[in-house]
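So that the names make sense, note that chain A is the first sequence line, chain B the second, and so on, each numbered from 1.
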Amino acid sequence: MSNRLINYSLIFYIITFFVFLFGPLIIMSITAFNSADFPRISPWDCLSFRWFNEGMVDYVGQHQAGLLTDQKLKEGFYNSIFIGFFVVLLTVPIGLAAALVLTQINPKLRELFYSLSIMPVLFPGVIIGISTVVLWNRLSGLSDEGILSEVGRNGIFLTILAQTCFISTYCFLIFVARLQRFDRSQEEAALDLGATQTQVFFKILLPYLAPAIGSSAVIAFLASFENYNTTVFSILSDRTLTTVIASKVRLGITPAISALAFAIIVITVLAVIIYEFYKRRVDRLKKIEEQTLLASQSSDSRVQKIEIPKINFIKPLSFFIIIAIILSILFTQVLKNNLYGDACIANVEEEKKRKIEEQRKLEEEKFKLSEEDLQSGNKGGNSAFGDIFNSDLFEY
Amino acid sequence: MSASVELKNASVTFGNFYAAKNINVKINGGEFFSFLGPSGCGKTTLLRAISGFQDLSEGEVLIDGVDMSRIGPNKRPTSLIFQNLALFPLMSVADNISFSLEVRGVDKKKRRSRANELIELMALDGQGEKMVHQLSGGQKQRVAIARALAIEPKVLLLDEPLSALDLKLRQRMRTELRAIQKRVNITFIYITHDQSEALTMSDRIAVMNEGEIEQIGLCADVYNKPLTPFVATFVGENNSIDGKLTEVSSNEATISTENGSFKSCLNNSDGKYSIGDEVFLFIRPEALELAKNGNFDNVIDINIDTFEFEGNIKNYFAKLGSNKKIKFSIPNSVDTSDIHSGSNIQIGFNKLNSVILKKGQLAVDT
């Protein structure tokens, strides 16, 4: 009984946790499909993909850009990718070098070196950003023209430097973790077999570190891509994706941001699914290999049967099919109720215009009414300050 | 092909601790030489000094008469087989074996043929394309040897490579290692704490203790004529009985103990012994026999305590006097139906099968 209770509360906890984690993301994703000019779920206007494409033109004739037509967003996105690429190029070798130094250094200095190396992570990103700008501002001020003054005032260059400063520490930590498990006797064995230090590095150490290089590159890129607090200062007059989004939020948010969020979520989920399939494939191959190895090394009577695990496509497939069915039902309902397409949007906008018109008329009428009242002198006076200073105001 | 290795006054210190102290040994070309000692005696340090991973604090390493002090491990004509083998897990067996050729820029075709040659020599046929983790323990062992032999080193250094194997495999690998050494005819320097491994494979043995060499000699000499109490008790089993010398001649002496006087041999005495010296008498368990079965120089009265059946031999633990114990082994074929726990019997030994040594450190507390 109590066991069941524990199970239920566990399930409840897990559901709550996931709702907490993914609820906002799901809500935001849904708002991307609402045609309204503000990201919201209710009131729901029309199902529309316009925030992924061209956006809309509002009543005062201003163009609210959608995801594909937003030039600032596009520019910021390309800048972010560009910066991320160079940050990876810089941080991975720097982190690797620092991690290697840590393994070679005198044990007495190791602690100090380690503390110094991880310090950039402990600094607030704001300070790294500002200090980079301050330094390069001085450096670029040294000459009126030439490469130094050009580069020192280039926001993208400064952002790459500022981000490299602390992201290389992430890479450093990943490499340190991997190197701690490195069997030093492999290095010695290679040396003993006649390899030079360089050959040991390229033939033994680097292949061993390959997974760490991969994961640190990914983490460095993501850290660079999503960074805001350092970038906002070092980027100067340029823009990255995060600074564009931030400035949009300040100037008035549109569902184009939701559309962007949805796109990012979809890419992430797809990447996770692909990785999961890949991993299962590798696991399966490994298991087959283990089984055949076991079978080849032991006598026949001990091996029951080589069991080759099958990839179960049915479960994930059925999951996707269920989601597709739900979506198609929803969509047909939407179509039935005329909630999709330009006609709907036009309707809604017509409705809105009508409402606004009504509102305006109502206000005007109110205004007129009160003027009549004023003229009749019933409510308030005609003289200055609404007659409140008249001595007979309170005499009835 | 093979080279001699000489250590001259070699010492290695870590801080103020001597890992190896004043080692002098000359290992001949083509010899199978073992360093035998308990863990922490400095034998691995010596091996690392020979291979170049450890700098000597004093003294020098000579390989074929050439001083190695300024030559790195990758330039020495030695190959080291590590305790954990240190095979490269990301390479195939063939790539592992031909690694030393690859780093020397040998072309792929030659590497391939040399790898195949060694795969055949090590009875690893058909395993060349496998990864290291797909091999069994004994196969890994042979890959490590093949890898070390690929560049035809003049000296092969082995750091307890058999310690991780189970008993049967270990016994087979012993014979195999010895056979390989005879086949390739290069100098093998072997490190072990297992005296039976050292005795079965080696031409000569150096027994080490506390960073110093206690004795260097042929296997039989080290076993039969130990020079120190440590060697006597570390190499094989030994009963020790303490007493005083009552009679000394050039190579014979009489020791008087609580349990009577015994006659025994003196090794390399050179007048070092005189009457009244505190000494140990060492007798191997297998040198003790039932007194009724023959004539012996010495006879001891004992009281049987416990019994242990080991298969080929039967071990008896007996009380000798009030507080001493003695162990003796009798071949399984000898009839011992009349010996029981608690029976008083006589055992004997010949003076040639025992040895008297000055008191000193024992390998185990007796």
Determine which pairs satisfy side-chain hydrogen bond (donor to acceptor under 3.5 Å, both in side chains) with at least one residue from residues 57-72 of chain B, sequence neighbours left out, and list them in order. B/T13-B/S57, B/D67-B/S69
Against chain A, label B/L101 side chain, backbone, both or neither, depending on which of its atoms sit under 4.5 Å from a heavy atom there. neither
Part of B/A148 within contact of chain A (heavy atom distance under 4.5 Å): backbone
Measure distances from B/L80 to the heavy atoms of chain A and classify the residue's part below 4.5 Å as side chain, backbone, both or neither. both
Pick one of side chain, backbone, both or neither for A/A190, based on which atoms fall under 4.5 Å of a heavy atom in chain B. both
Should we count CZ of A/F85 as having more than 12 external heavy atoms under 6.0 Å? no
Inter-chain polar pairs, chain B versus chain A: which donor-acceptor atoms lie under 3.5 Å apart?
residue, atom, partner, partner atom, Å
B/R48, NH1, A/E188, OE1, 3.0
B/R48, NH2, A/E188, OE2, 2.8
B/N74, ND2, A/A195, O, 3.0
B/L80, N, A/D192, OD2, 2.4
B/N84, OD1, A/S185, OG, 3.4
B/N84, ND2, A/D183, OD2, 3.1
B/N84, ND2, A/S185, OG, 3.2
B/L87, O, A/Q186, NE2, 2.8
B/E102, OE2, A/K203, NZ, 2.7
B/V103, O, A/Q199, NE2, 2.8
B/R104, NH1, A/L193, O, 2.7

Scan residues 96-117 of chain B for pairs that pass ring-ring contact (aromatic ring centres under 6.0 Å, His included), counting only residues two or more places apart or in two chains. B/F88-B/F99
Can you say whether B/L135 sits under 4.5 Å from chain A via the side chain, the backbone, both, or neither, judging by heavy atoms? backbone
Test side-chain contact (heavy atoms from CB on, under 4.5 Å) applied to A/V272 - qualifying residues, sequence neighbours left out: none
So does B/K182 have more than 12 non-hydrogen atoms from other groups sitting under 6.0 Å from NZ? yes
What part of A/I204 gets within 4.5 angstrom of chain B, counting heavy atoms only: side chain, backbone, both, or neither? side chain
Counting heavy atoms not belonging to B/F14, are there more than 12 under 6.0 Å from its CZ? yes
